[in-house]
Amino acid sequence: GAPWDGLPARFKDGLAAQMPLIIAQGRGIGADTGGVFTPGRLEALDIPVTLIRGAVAEPSVVAIHRVLLGLLPNAREEVIAGAGHMSPMTHTAEVAALSQL
């Protein structure tokens with residue numbers, strides 16, 4: 001079955017309860033109301049950034065990572081084999097290990 005099927009009901013209920021927050025973020029993400037993509041802003045970040053995605057992530061995630069890797073001067077990408085969009089839930093050990101690097 002899908003990874004969702006293996007999650008405990010309390011965890012699924014918690015995620016479902018957060019859906020209004022995801023929907024509410026739409027304008028901030030789509031219209032960049034916080035100015036994250038103001039020219040020069042990301043390029044000025046002098047911190048290490050690790051972008052983690054699943055190998056079977058949606059093409060939009062791959063494209064977003066490509067753009068961010070081009071903007072963030074100290075960024076790297078890690079790809080988790082067999083993982084999709086929800087890799088922090090389906091591949092927790094792999095994500096945790098990459099987060100420690």
Side-chain angles (χ1 to χ4, degrees):
W4 179 261
D5 297 335
L7 295 174
R10 65 178 173 72
F11 194 74
K12 289 188 217 180
D13 291 345
L15 287 174
Q18 293 177 21
M19 283 299 116
L21 296 174
I22 303 298
I23 293 166
Q25 294 176 34
R27 182 161 154 66
I29 294 168
D32 191 24
T33 56
V36 173
F37 290 103
T38 299
R41 190 164 191 184
L42 292 177
E43 296 89 339
L45 290 177
D46 188 26
I47 58 170
V49 174
T50 302
L51 302 173
I52 302 172
R53 68 171 175 85
V56 292
E58 292 80 3
S60 60
V61 173
V62 176
I64 290 167
H65 276 211
R66 189 175 308 123
V67 169
L68 290 173
L69 288 165
L71 294 173
L72 295 162
N74 195 10
R76 65 186 177 86
E77 179 182 56
E78 296 289 344
V79 179
I80 299 174
H85 177 68
M86 299 302 285
S87 56
M89 293 186 328
T90 61
H91 293 73
T92 54
E94 293 92 333
V95 170
L98 291 171
S99 299
Q100 300 301 313
L101 297 178

Interatomic spacing from CE in Met86 to OG1 in Thr92 - rounded to 0.5 Å: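 Here the interatomic distance stands at 12.5 Å.
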Search all heavy atoms of [X] against all heavy atoms of [Y] and return the closest pair with its distance.
X     : Y     : value
Ala55 : Ala81 : CB-CA, 4.0 Å
Phe37 : Asp32 : N-OD2, 2.8 Å
Ile52 : Ser99 : CD1-OG, 3.9 Å
Glu77 : Leu69 : CB-CD1, 3.8 Å

Would [X] and [Y] show up in the same hydrophobic cluster when neighbours are defined by side-chain heavy atoms closer than 4.5 Å?
X     : Y     : result
Val36 : Leu68 : yes
Leu21 : Leu15 : no
Val61 : Val56 : no

Residues that His91 engages under side chain to side chain donor-acceptor pair (under 3.5 Å), provided they are two or more places apart: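 Expected list: none.
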If we only count heavy atoms from C-beta on, is the [X] to [Y] side-chain gap below 4.5 Å?
X     : Y     : value
Arg53 : Ile64 : no
Ile80 : Leu98 : yes
Asn74 : Leu45 : no

Residues which pass side chain to side chain contact (heavy atoms under 4.5 Å, CB included) with Glu43, listed by chain and number, not counting sequence neighbours: Leu71
With Pro8 via side chain to side chain contact (heavy atoms under 4.5 Å, CB included) - residues at least two apart: Arg10, Phe11
His65 atom NE2: more than 12 heavy-atom contacts under 6.0 Å: yes
